[in-house]
Amino acid sequence: ATLDDVKGRGELICGVNTGLTGFGAPDANGNYQGFDVAMCKALAAAVLGDASKVKYIPTTGETRFTALASGEVDVLVRNSTWTFMRDVDLKFDFVAVNYYDGQGFMVKKDLGVSSAKELDGATVCIQTGTTTELNLADFFKANNMSYTPVTVADDSEGQRQYLAGACDAYTTDASGLAASRASMPDAENHIILPEIISKEPLGPLVRHGDNQWGDVVRWTYYALVAAEEYGVNKANIEEVASTTQNPEVKRLLGVEGELGEKLGLDKEWAKRAIAAVGNYGEIFEANIGSGTPIGLARGLNALWTQGGLQYAPPFR
Amino acid sequence: MQEQLVFVRNQMLPPEAPPPGQKGIARWMRENLFSGPMNSALTLLGLLAVVWLALHVLPWLMHSVWNANSLNECRQIIQDRWGEGATGACWAMVRERWHQYLYGFYPQDMYWRPNLALLLLFAALAPVLFSSLPRKMLWITALYPATGFWLLWGGTIWAPVVAMMGFVVLWLVFTVLQPRLGVPVSAGIGVVAAAVWWMVLQAPMTDALQSLAPLRIRAVDSRDFGGFLLSFVIGVTAISASLPMGILLALGRKSDMLLVRTLSVGFIEFIRGVPLITLLFTASLLLQYFLPPETNFDIILRVIILVTFFAAAYIAEVIRGGLAALPRGQYEAADALGLDYWQAQRLIIMPQALKISIPGIVSSFIGLFKDTTLVAFVGLNDPLKGITQIVRADINWKGIYWEPYIFAGALFFLICFGMSRYSMWLERKLKTDHR
Amino acid sequence: MAEHAIDRSKMKVSDEVAVQITQMNKWYGQFHVLRDVNMTVHKGERIVICGPSGSGKSTLIRCINRLEEHQSGQIIVDGTELTNDLKNIDKVRSEVGMVFQHFNLFPHLTILENCTLAPIWVRKVPKKEAEETAMHFLRKVKIPEQANKYPGQLSGGQQQRVAIARSLCMKPRIMLFDEPTSALDPEMIKEVLDTMIELAEEGMTMLCVTHEMGFAQAVANRVVFMDQGQIVEQNEPREFFNNPQSERTKLFLSQILGH
Amino acid sequence: MAEHAIDRSKMKVSDEVAVQITQMNKWYGQFHVLRDVNMTVHKGERIVICGPSGSGKSTLIRCINRLEEHQSGQIIVDGTELTNDLKNIDKVRSEVGMVFQHFNLFPHLTILENCTLAPIWVRKVPKKEAEETAMHFLRKVKIPEQANKYPGQLSGGQQQRVAIARSLCMKPRIMLFDEPTSALDPEMIKEVLDTMIELAEEGMTMLCVTHEMGFAQAVANRVVFMDQGQIVEQNEPREFFNNPQSERTKLFLSQILGH
Amino acid sequence: MAFVQDAPKDSFRLSMLIYDTRYRSLTIQVVVLILFMLFLSWLLNNTIQNLAAKDRTFDFGFLLSRAGYDINQRLVEYTNDSTHARAAFIGLLNTLLSAVVGCILATIIGVVVGVLRLSNNWLVSRLMTVYVEMFRNVPVLLWILLAATILSETTPNPRDFRVTPEMQAAGEAPKATMLFGIIAVTNRGTDIPEPKFCVGKPREECDADPNEGGLGIIDLGIFKVSLNLLALLVVFGGSIFATRRLKRQADATQDATGVRPVTWWKNLLILVLPSAALLWALGLHFVVPELKGFNFAGGITVLHSFTALTLALALYTAAFIAEIVRAGIMAISRGQSEAAAALGLRPARTMRLVILPQALRVIIPPLISQYLNLTKNTSLAIAVSYMDLRGTLGGITLNQTGKELECMLLMMGIYLTISLIISSCMNIFNRAVRLKER
Ligand SMILES: Nc1ncnc2c1ncn2[C@@H]1O[C@H](COP(=O)(O)OP(=O)(O)OP(=O)(O)O)[C@@H](O)[C@H]1O
Ligand SMILES: Nc1ncnc2c1ncn2[C@@H]1O[C@H](COP(=O)(O)OP(=O)(O)OP(=O)(O)O)[C@@H](O)[C@H]1O
Ligand SMILES: [Mg+2]
Ligand SMILES: [Mg+2]
């Protein structure tokens with residue numbers, strides 16, 4: 001089973017993006033950073049007790065699913081959309097949704113367009129190898145509009161083409177659009193159109209059939225969400241662990257109960273994960289939140305208590 | 001008539017200088033630049049092209065910035081220095097990231113290891129390329145695969161040592177059996193023995209030796225290889241591993257056994273008939289279907305294997321050319337002396353054919369080296385696209401286009417141009433050598 | 001050579017001038033190859049040019065049909081002066097045949113096509129006629145049966161004879177030979193020389209660079225000795241060989257006849 | 001050749017059979033090259049084979065050490081029949097030396113290495129011993145001083161002598177020569193022939209394709225004349241040259257002695 | 001004469017399998033065959049096991065299902081409702097288009113550069129050397145990326161062509177104008193006029209019709225045939241046939257009289273007139289691209305991804321072709337042109353009758369292998385996202401369906417077929433022109 005493999009190996013192999021700003025990319029020293037990467041780190045901390053015991057395998061749109069299917073990676077955290085076909089036909093398990101995204105459009109302000117419905121006849125830049133091209137086709141068809149797709153291989157290429165004016169609109173997940181916009185010298189000249197034309201639940205996925213490993217990934221993720229719900233964060237985790245009276249938090253942090261053992265891990269798995277990368281909110285803020293150049297609002301990804309969709313099932 | 005016929009010159013005329021218009025810069029210009037209306041037009045066109053290019057590229061190059069932390073900072077500096085609307089090159093990116101272009105994510109404190117490996121590579125190549133060096137140096141060449149591997153990947157020294165011992169086993173088995181069973185059979189048994197060694201004894205042996213004498217350096221994961229280091233590793237490994245395979249394929253293609261010939265031709269034509277990129281995708285997408293379930297190894301290794309196949313098909317054709325250039329007499333003389341097929345190949349034919357093929361092998365290497373950039377498409381960090389993509393994913397450098405391409409392109413040019421000059425020199429030298 | 005008696009009676013030399021070279025100089029860059037060359041060739045003359053290697057023999061002969069340009073002096077071939085005028089050059093070339101050391105047959109054409117190419121395209125002779133002429137000359141050089149083979153299928157001697165036939169097909173008034181036998185095996189030299197002797201017997205004006213002294217004695221009516229780009233001595237063959245005047249000629253002859 | 005008196009006394013012919021060819025036929029595709037060849041060579045015989053070009057001389061001699069395969073009939077060399085059996089072929093080849101028209105030395109090996117290669121790898125002689133033998137034979141062909149040069153640095157004659165020495169190093173019982181002198185300049189022919197004569201004087205069994213009739217008269221004890229793949233005439237040399245029987249032989253001799 | 005009679009009679013022994021030259025090769029081949037079969041069955045077995053383990057099937061049925069994505073360059077009709085097979089076909093056509101255009105361009109550039117490199121103009125030959133070395137020694141991928149970048153960075157936006165009423169009022173000119181008023185180079189592509197046909201209808205009506213008008217088209221189900229094109233092909237074929245006849249006549253006249261009649265203007269007329277007449281009859285006119293909305297409409301858009309890929313491949317390959325051409329011409333010894341000159345042939349004729357026929361034999365085989373390389377290199381379209389075979393079948397289709405094995409095998413098979421066709425052409429050529437030698 002994968003869990004045993006990971007433990008035996010002493011290293012978690014995590015499939016990530018070859019480079020997507022804010023979500024996963026190596027920095028000048030070769031250290032991977034980003035929202036998706038933090039998930040890998042949390043997992044490593046939970047399973048192996050050390051957040052740095054991760055090997056990152058950059059995967060492209062074409063190679064990602066094969067890498068997971070062939071066992072080259074243990075888990076794929078690479079902003080992949082959860083779809084029926086991928087889940088059922090390609091035989092993967094999407095264990096959770098760590099980012100609710102949707103496909104949007106970015107256009108230059110001076111184009112004078114304020115709605116995606118006005119894009120009839122436009123040239124649209126779009127990444128290949130994703131679900132976006134299907135959504136795009138469907139959207140234009142549904143609105144009885146025509147368009148010219150300009151397919152691009154990766155985000156940086158898409159941004160380049162868009163900036164150069166090779167397309168009128170750039171479409172990808174709204175988070176990606178925001179990241180791109182943030183890095184532009186004249187961010188104020190670009191707007192993201194209000195229409196979100198698709199649901200893009202992004203999340204980590206594992207191979208079908210290895211339910212134990214799937215559970216580990218799923219609950220590690222929910223531990224991070226739950227931590228936010230209960231106000232547990234990197235800074236106060238030790239203090240909370242020793243003082244909390246909330247039985248659920250106790251169970252979460254391994255003070256009480258044996259949730260960890262049930263997963264095949266130890267008591268403090270979730271505590272380690274939270275201590276290593278912080279809770280969901282912290283991860284969000286550190287990598288893509290409004291404090292970063294990317295500046296994404298929480299939106300759908302706020303906790304359910306704050307009008308979002310992030311919701312951790314009970315730890316019991 | 002007879003009188004006028006006879007002529008004897010008593011005084012020899014000294015040589016004279018050519019008439020005016022036959023020398024000097026004016027003549028050179030007239031002959032080389034303006035020797036006709038057509039030529040003059042061409043010259044002017046050429047000049048125009050050069051000037052146009054200079055006008056467009058020079059200002060950009062002149063406005064270079066070397067010190068900045070992000071693209072925006074670069075743009076700011078350029079505007080401050082050369083005024084609103086000026087454009088310029090932002091080499092600060094190269095300054096910050098050059099090590100990734102050269103070494104990928106290889107740990108920075110261990111750059112000496114790939115450097116040393118490269119130096120040793122030259123030492124190992126020297127005796128092959130310069131026949132004047134002492135033959136003893138060939139030992140460096142023979143040991144290089146192990147040392148090079150160990151330096152680059154690190155880990156215990158015993159792993160490569162034990163692996164090399166597998167070759168020793170192969171050789172021992174071969175030499176013991178060969179007089180009785182002939183070359184093909186004993187080579188086959190040798191390979192089987194070596195395979196057994198590697199599969200059964202390699203791991204325990206390594207561990208035992210390691211515990212006896214713990215000699216190890218820090219291990220580096222092949223995922224950390226990138227940039228030109230990756231290109232060199234793939235290129236050099238594939239070319240050297242493809243040589244034996246290419247020789248066998250070339251011999252197979254020349255064989256008079258129909259089946260052997262068909263298989264060789266089939267392999268060569270198949271590999272040469274499909275684009276390298278599909279082979280790379282095979283490495284990353286299809287190999288998992290063809291290998292036994294649960295086998296799983298490094299994508300770099302898989303890529304190297306497929307690239308080796310690719311190179312082998314081309315090397316086989318190069319060597320076939322070398323074989324064709326050998327006169328028939330060499331085969332006949334070897335036969336007449338009573339040498340058998342393999343002895344003749346090893347002692348007479350191959351040494352000569354390989355020598356003739358060296359320029360072809362070098363140009364295959366250049367081609368392959370350039371093609372290693374394609375590994376970007378299976379998610380490896382090649383120096384051109386892979387690393388550039390990573391750099392551009394950094395929010396600081398998002399939006400930089402020309403500089404990374406120019407930098408990587410210039411390095412490629414230097415390396416490839418150097419090698420192609422070298423191979424031309426070799427070709428000339430080989431032509432004047434023997435025969 | 002001595003096998004069949006050469007009929008010198010037919011080899012009449014007329015008074016008409018075929019080639020007239022006056023004060024001709026030529027440089028290759030700074031190098032003065034031909035110095036003040038003066039030479040008059042009459043119709044029907046057979047001139048053999050010899051001299052040490054590099055003395056400018058080939059250059060001289062190649063100037064005569066303007067394969068090389070001369071820089072000063074005058075060359076008049078059959079009444080036409082060689083200048084930069086293309087028409088004159090064309091005229092001269094179609095009247096002067098040339099045979100090279102390395103045959104220079106066109107390997108992609110059959111023997112017959114080699115021979116008819118120039119007549120058809122330069123002289124505008126109908127194909128049929130050109131072929132007849134070609135066969136006539138091929139018969140003369142004794143290889144009519146090879147007409148439909150390719151040059152690569154012939155021996156060196158045969159190729160050189162084809163080259164001669166090819167020149168003859170243009171019905172030239174003057175033939176130039178540049179060491180026609182020196183790339184040939186000994187057995188083949190004879191067949192080529194025989195062809196040339198036959199040509200001489202028919203009264204062709206010939207300038208021939210060769211070191212075949214037997215040929216010179218048998219056929220030439222004048223031997224020209226060149227050294228360092230100048231004509232050092234010229235004489236009637238018997239006199240030239242038996243009684244050379246200049247020191248250089250003596251030295252050269254002693255070397256060449258020595259072996 | 002006539003310079004030094006050839007000592008025919010040593011050239012004894014024994015009764016033992018060295019090569020026995022019976023009813024041998026060979027085809028190249030549809031082309032019948034050798035037709036019903038019968039020939040017996042005794043130990044110590046020196047046989048010269050001559051005939052027009054394309055008559056199958058080379059093919060015959062190459063069949064004897066199986067460089068070419070024959071299709072019917074029998075060839076027995078030193079008691080071993082040449083069949084498809086590799087062992088027999090190896091055995092025959094190590095007992096029969098062969099010298100080619102174009103020397104076929106190995107250009108990437110020194111002269112000494114050329115000579116020791118086969119003894120070391122085929123006869124499994126220790127290297128030291130092989131080198132001594134090689135030097136002995138190099139001395140015999142009078143070029144011991146060239147031992148460490150490469151073939152490309154030697155003249156044609158020297159190369160051919162090395163080729164002879166190379167064959168001798170295998171201590172063959174029979175030597176085959178295929179026009180050993182025809183690729184050589186005249187001056188060099190003599191040095192090679194001298195070496196061969198010496199070999200003959202020592203009693204080596206030799207089959208030699210050559211057109212050097214002087215050599216044949218001096219050394220051979222039998223001359224075989226072939227035409228169109230068949231042996232047309234064979235005789236003792238003096239008789240063969242002075243009194244040829246067949247018309248073809250006469251024609252051939254007249255041509256070859258003609259020039 | 002003692003006759004040695006110990007020759008063993010042929011009776012089969014086991015050792016003959018190894019030592020007898022007749023059986024030996026048979027033995028080896030049988031062993032090789034067995035090993036090869038074992039290897040094959042091992043591969044097959046693995047594949048079957050792996051497929052089973054992943055619970056996948058091996059079938060090409062997905063090719064007939066709806067593709068669902070759009071392709072921006074299509075030579076024949078395609079919508080996102082078409083099948084994956086059709087998408088792959090579009091991709092194949094795009095690959096072939098890029099390869100064919102690339103080969104033609106590369107040949108033209110390569111020949112010009114190769115000849116100029118031999119020219120005695122110092123400056124030009126140096127420039128050409130720089131060009132050749134630059135392109136040969138840098139990965140082709142870089143040239144593709146650079147070409148794409150240059151094309152989209154240095155060309156104007158479609159909006160820059162727009163003339164707004166305010167601008168008109170102020171008398172300002174738009175930032176960019178169309179070349180010759182008919183070609184618009186924007187940073188998306190090059191818009192060129194589209195030929196349209198029109199018979200018996202007002203032009204406006206024809207232009208409104210998305211089909212090309214004229215004689216119309218026949219729908220054969222899988223694909224459609226344009227009758228206009230067909231008619232044009234027939235007429236042009238006829239013209240070519242006629243020029244052939246004319247050439248043969250000229251040859252005959254030359255053979256008979258020695259003088260070759262001047263035919264070039266007749267040829268020109270025969271080639272141009274009938275086709276022109278037909279086109280006129282079909283009502284050929286060009287619809288000039290016009291700025292409508294975001295983009296130019298009405299013309300044909302040549303995408304920059306196509307231009308960049310094709311141009312970069314052509315320039316890269318041309319560098320190699322230039323070397324081949326140079327080597328080919330230099331391989332023809334000076335003696336050949338001297339001999340021709342000595343026979344009185346003019347330089348142009350020498351080139352045509354003597355040098356070229358020989359040089360072509362040397363040039364064409366490596367030239368064709370360069371074509372092969374270029375064709376294979378079109379798979380680098382991935383770098384600029386041109387929708388070639390790899391982009392459709394091996395890209396989006398593979399991604400959407402997850403049928404890696406099927407897609408990759410099919411794709412390799414197609415590439416292999418193309419390569420084999422090209423190289424067999426080369427073999428036929430080689431055999432046809434081999435010089436006869438002794
Ligand atoms: N194209 C050239 N450029 C420069 N120098 C040349 C050229 N051709 C010939 N030469 C030089 O001119 C001199 C005369 O050459 P030429 O070929 O006429 O000599 P030759 O008498 O025919 O000698 P050979 O007997 O070797 O043919 C030689 O020194 C030669 O090196
Ligand atoms: N490999 C071959 N395939 C087909 N025909 C061949 C082959 N080798 C030789 N021949 C033909 O066989 C005939 C005999 O050839 P062989 O070389 O034995 O003649 P030869 O007597 O040695 O002639 P030469 O004096 O020219 O060497 C010739 O007609 C030749 O064309
Ligand atoms: Mg000369
Ligand atoms: Mg022969």
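Chain identifiers are assigned alphabetically (A, B, ...) following the order of the sequence lines, protein sequences preceding nucleic acid strands; residue numbering begins at 1 within each chain.
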Trainee: Ignoring hydrogens and geometry, is there a side-chain-to-backbone donor-acceptor pair from B/Glu332 to D/Phe100 under 3.5 Å?
Mentor: no
Trainee: Just one of D/Ile89, D/Leu67, D/Asn65 clears the side-chain contact (heavy atoms from CB on, under 4.5 Å) bar with B/Asp335, so which one?
Mentor: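 Single side-chain contact (heavy atoms from CB on, under 4.5 Å) partner of B/Asp335 among D/Ile89, D/Leu67, D/Asn65: D/Leu67.
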Trainee: Can you tell me how far apart CZ (B/Arg328) and NE2 (D/His102) are? Round to the nearest 0.5 Å.
Mentor: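 Reported value, rounded in 0.5 Å steps: 13.0 Å.
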Trainee: Tell me, yes or no, whether the heavy-atom count around B/Phe167 atom CZ, taken from other residues, nucleotides or ligands under 6.0 Å, exceeds 12.
Mentor: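 Counting other residues, nucleotides and ligands, CZ of B/Phe167 stays at 12 neighbours or fewer.
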Trainee: State which residues pass side-chain hydrogen bond (donor to acceptor under 3.5 Å, both in side chains) with B/Tyr422; sequence neighbours excluded, sorted by chain then number.
Mentor: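 B/Tyr422 satisfies side-chain hydrogen bond (donor to acceptor under 3.5 Å, both in side chains) with no other residue.
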Trainee: Where do B/Leu337 and D/Arg93 land on the side-chain contact (heavy atoms from CB on, under 4.5 Å) test, with the steps shown first?
Mentor: CA-CA 6 Å; B/Leu337 283 174; D/Arg93 282 189 181 159; over 6 Å; no
Trainee: Count the heavy atoms of every other residue, nucleotide or ligand shown that sit under 6.0 Å from CH2 of B/Trp139, and state whether that count exceeds 12.
Mentor: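 No, CH2 of B/Trp139 has 12 or fewer neighbouring heavy atoms, counting only those of other groups under 6.0 Å.
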Trainee: Under a 4.5 Å heavy-atom cutoff, which of B/Pro351, B/Ala334, B/Gly329 has the most pairs with chain D?
Mentor: B/Gly329
Trainee: In chain order, what residues pass the ring pair (Phe, Tyr, Trp, His ring centres under 6.0 Å) check against B/Trp197, with sequence neighbours excluded?
Mentor: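 Residues passing ring pair (Phe, Tyr, Trp, His ring centres under 6.0 Å) with B/Trp197: none at all.
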Trainee: If you draw a 6.0 Å radius around CH2 in B/Trp198, do more than 12 non-hydrogen atoms from other residues or ligands fall strictly inside?
Mentor: yes
Trainee: Could you tell me which portion of D/Lys91 (side chain, backbone, both or neither) has an atom closer than 4.5 angstrom to a non-hydrogen atom of chain B?
Mentor: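 Neither part.
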Trainee: What part of D/Arg123 is in contact with chain B, defined as an atom under 4.5 angstrom from a non-hydrogen atom: side chain, backbone, both or neither?
Mentor: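 No part of D/Arg123 comes within 4.5 Å of chain B.
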Trainee: Of the backbone (N, CA, C, O) and the side chain (C-beta and beyond), which part of D/Leu105 lies under 4.5 Å from a heavy atom of chain B, both, or neither?
Mentor: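 It is the backbone, since no side chain atom gets that close.
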Trainee: Just checking D/Trp27: does its CH2 atom have more than 12 heavy atoms from other residues, nucleotides or ligands closer to it than 6.0 angstrom?
Mentor: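 Counting other residues, nucleotides and ligands, CH2 of D/Trp27 exceeds 12 neighbours.
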Trainee: Strictly less than 4.5 Å between heavy atoms, which residues of residues 338-349 of chain B line up against chain D? Please order them by number.
Mentor: B/Gly338, B/Leu339, B/Gln343, B/Arg346, B/Leu347, B/Ile348
Trainee: Measure D/Val96 against the heavy atoms of chain B and call it side chain, backbone, both or neither at under 4.5 Å.
Mentor: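 Backbone only.
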Trainee: If the contact rule is any heavy atom under 4.5 Å from chain D, which residues of residues 249-266 of chain B qualify, in numerical order?
Mentor: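 Contacts with chain D: none.
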